[in-house]
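Below is one structure; the comments refer to it alone.
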Amino acid sequence: MTDTPDYKAESPAREAWRMFRRNVPALVGMVILAFIVLATLYGTFFYSGDPYDVVWAPHEAPGVTPEYPLGTDYLGRDIMAGMLTGGGPTLAVGAAAAAITMVIGIALGSLAGFYGGWIDNLLMRITEFFQVLPALLFAMVLVTLFEPSLWTIAIAIGVVSWPQTARLTRAEFLRIKELEYVTAARAIGARNMRIMWKVILPNAMPPLIVSATLTIGIAILFEAGLSFLGLGDPNVMSWGLMIGANRDYILDAWWPVTFPGLAIFFTVFAVSLIGDGLNDAFNPKLRER
Amino acid sequence: MSSSYILRRVGYGLILMLGVVVLNFLLIRLAPGDPAVVIAGEMGGASDEMLASIREEYGLNKPVITQLGIYVGNVLQGDLGKSFFFDQPVSSLIGQRIGATILLVITAQILSILLGVFLGVIAARKPNGVMSGFVSVFATIGYAVPVFWTGIMLIILFASVLPIFPVEGMQSVRLRSAGGLTWALDVAHHLVLPAFTLAIIYLAQYARLSRASMLEVLGSDYIRTARAKGAAEKTVLFKHALRNAALPILTVAGLQFGNLISGALLVETVFNWPGMGRLAFDSILRRDYPTIMGVLFFASAMVVVANILTDISYRWADPRLRGKS
Amino acid sequence: MTALLDINDLRVTFNTRYGQVTALDGVSLHVNAGETLGVVGESGCGKSITALATMGLIPSPPGRIAGGSIRLDGEELVGARPSRLRAMRGADIAMIFQEPMTSLNPVFTVGDQIAEAIMLHQKVSHDQALKDAVALLDRVGIPSPKARVHDYPHQLSGGMRQRVMIAMAVSCRPKVLIADEPTTALDVTVQAQIFDLLNEIQRDFGAAIVLITHDMGAISEMADRVAVMYAGRIIEEARADDVLDFPQHPYARGLIDCIPALGREDHALKEIPGVVPPLHLLGAGCAFAERCEHANERCRREKPLLVNHDHHPAACHAVEEGRI
């Protein structure tokens, strides 16, 4: 079959955005995520309440008392208040951890891919070493050793998650540095730093953006897992903590664990729909699969 | 495949494990506070004699490099220190529990690969069919569900609505002394929910991966050759295509092993499964560092072993790599 | 006498994102036992689709045989049961592909792959099939076949792999052997060897060969008859000498002019301007009109039919009207 080339030239970013806009699941993801972010940012303006306050009888079922639409937990604390305040730390830690992951991963991966030789060898051995450590266990150890706070949790998640980003960055740098425009940049005497950051990195961005999106999802799951185990910041209510606190009473009341779990699920689900959408948008060829 | 390759691979694995030991050592030293107090853990104020004996055993009064030597030497002799909370050597604490973890992790791994690949192959037959859509949606959902929450939801379901599987522990109290087949069946019965909970995330990922991998392979020239020979569709799919599509699946299965152990940690906590994850959780709550470090060591060792096995089987499965270094 | 392979008015359509396109538009071909038919044309003209349709291997969806007939030894293949087609594929009609590097399965030995082809159609043991595979490898000129039979494809050169493909294709002594650009991916010296081998095989096995190529040199060396294809249609058909010496259709003339001939006065090679038009953009007129210096209004309006002219059949208004 002869395939006609599209004659209209379009910048890759524009084309990606056009593809992304047409991707229904990705748009659904955007809507879900926007709703969750808005609810955690502004929800308390419309629905105030301290998630730590015991306000009512324990284990009030959802929908029974209008003041507490999602019911109360084993102590009689308002679940709706927990839902609205518990998302903030989860999202913040997720975003911060993903940022830390990307910074470490891109820095090490680009050095390894660009310079090759012993630098590549050393950095890849370090990467392999970090991949041997089971991430959640390692993060648990780090958090316990260095006192849990939102920052230590974000850093711990970043420290255990970067190897995959580093490998991806390295592979992209290895691929791109052989291309003509990099040779051209070298030929006009551009310095290594300039070639790395101004020439190669922008062209490596599409897969890295997809990876960053998926990293946010993984980081949110991580934070939820740590909080669930009781290793989160004890002074901050979060969805994972709500599940962990109520898990001894799940057979008495399903709602205190179900709603925060759904919130985590929908957040990660939305993020990964967006990630898949970006992936499709950057790789139009794969869409036909 | 050359045995020198296997030896080299094992040697590299041992170096990685040495790295884990050094990391453990550094972590304790980097933690804020007196290392002796850190090692003693939160025993509600360790006695001076106890701290002194810890300093003696770990050589904490000597230079740091000597301390490292002592620590590495102890580990080499199988001495991972002593848990002051459990009042037992760490190695025996872990020895009692590592089997349960291995059972859970391996079962989940096999379950997820078999089911995932099967779903993926079926979906790949019709890239735009119902099954393909299901696999894509299921994969995205499976990826997004917190594993501990899946476990809790299954406990609620199977404890109250459909009580056919036990939701806690590894064996029934009344069968504790039973032997042989009864015991094995009882453990298998208890294993169903934890293994399924753990498998579901990876099952979804393997389904998606094997669908993509199969689609790529099915478009290749040698599949057309197989059809041109007159091979039946089943042969084309499961012999010619799957043997090639399995290669990336094998790679991912090796890489996922560390994540699987992380997941097992949460699943063991939820289902009260008496493995290393449960032990890690208990010891972290008590800041029982020798035990935590021991768990980290053994869990990493499991990943190293899994990686070596993956590399070896990959070389076996791909003739193009045999005989190369 | 009916031909061994007789393709009549074959139509194949594909569903694409531009809508349904007609990849083959009424193709008729035949080839007799022991004969070699050359099918020539640029890439995208429908040569390979014709081959795949004959093998019953049109990827469906998106493709589909929309009409016409393909008869092998009198038996209709269009609409035949899949199991019947499967039994004939590899046994009565076999195919050699363009890319020997990728047409063999990388994870099985070449011996196993040849043996599989034998065992699919004959009731023999694996041991016997492997022995046959050794004999076949020997027959196609692979040195030390007993050792090579245990090799994996990546251990062989491109020429050797194409010999393996040929061995596999002739393993069940097919009546018709379709060779789709069998030498395009190979070095020039190896190309000649493969053509020699195909000629020998044909002598020994008596198979009819359909040689698909864009290389007129290969045609002059191999083919008894030639069919020239353009945009899914046959536009000229005749004995190989006739087409080479007296091409009628302007496209066929262009193809002949592309051959670098020794001793020809003008050493500058001619090129046919333009490219094969995308199938979804084909209009009502002659598909070649856009690239043809002789095209007039009628050419752009009305599709020429394949009719007999002075020498042999060609589908061209200009030839019919005596303008060229």
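Residue numbers start from 1 in every chain, and the chains themselves are labelled A, B, ... in the order their sequence lines are given, proteins ahead of strands.
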Using non-hydrogen atoms only, which part of [X] is less than 4.5 Å away from chain B: side chain, backbone, both, or neither?
X: Met168(C); answer: side chain
X: Met165(C); answer: side chain
X: Leu104(C); answer: backbone
X: Gln155(C); answer: neither
X: Leu52(C); answer: side chain
X: Ala94(C); answer: neither

In terms of heavy-atom pairs under 4.5 Å, which option from [options] contacts chain B the most?
options: Leu120(C), Val107(C), Leu57(C); value: Val107(C)
options: Ile178(C), Ile96(C), Ile93(C), Thr102(C); value: Thr102(C)
options: His121(C), Met88(C), Gln98(C), Glu116(C); value: Glu116(C)

message = Does Lys229(B) form a side chain to side chain contact (heavy atoms under 4.5 Å, CB included) with Gln113(C)? I'd like the steps, not just the answer.
response = CA-CA 10 Å; Lys229(B) 278 187 212 178; Gln113(C) 295 188 58; 3.9 Å; yes

ask   = Quick one: which residues of residues 236-254 of chain B reach chain C at under 4.5 angstrom, heavy atoms only?
value =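 The list, in residue order, reads Lys239(B), His240(B), Arg243(B), Asn244(B).
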
message = Given heavy-atom pairs under 4.5 angstrom as the criterion, report whether the side chain, backbone, both or neither of Ala226(B) touches chain C.
response =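 It is neither, since no heavy atom gets under 4.5 Å.
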
CZ on Arg224(B) to CD on Glu99(C), rounded to 0.5 Å =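 Atom-to-atom, Glu99(C):CD and Arg224(B):CZ are 9.0 Å apart.
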
ask   = Which atoms form the tightest heavy-atom contact between Pro319(B) and Pro106(C), and what is the distance?
value =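 Closest approach of Pro319(B) to Pro106(C): CG-O, 3.3 Å.
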
task = Using atom types as modelled and distance alone, determine if a side-chain donor or acceptor of His154(C) lies under 3.5 Å from a backbone N or O of Leu321(B).
result =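 No; judged by distance alone, with no hydrogens or angles, the pair does not exist.
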
inquiry  = I'd like to know if the side chain of Thr225(B) reaches the main chain of Ser103(C), judged simply by a donor and an acceptor atom lying under 3.5 Å from each other, with no hydrogens or angles considered.
reply    =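 Yes; at least one donor-acceptor contact below 3.5 Å.
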
ask   = More than 12 non-hydrogen atoms from neighbouring residues, nucleotides or ligands closer than 6.0 Å to CZ on Phe196(B), yes or no?
value =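 No - once you tally the heavy atoms of other residues, nucleotides and ligands closer than 6.0 Å, there are 12 at most.
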
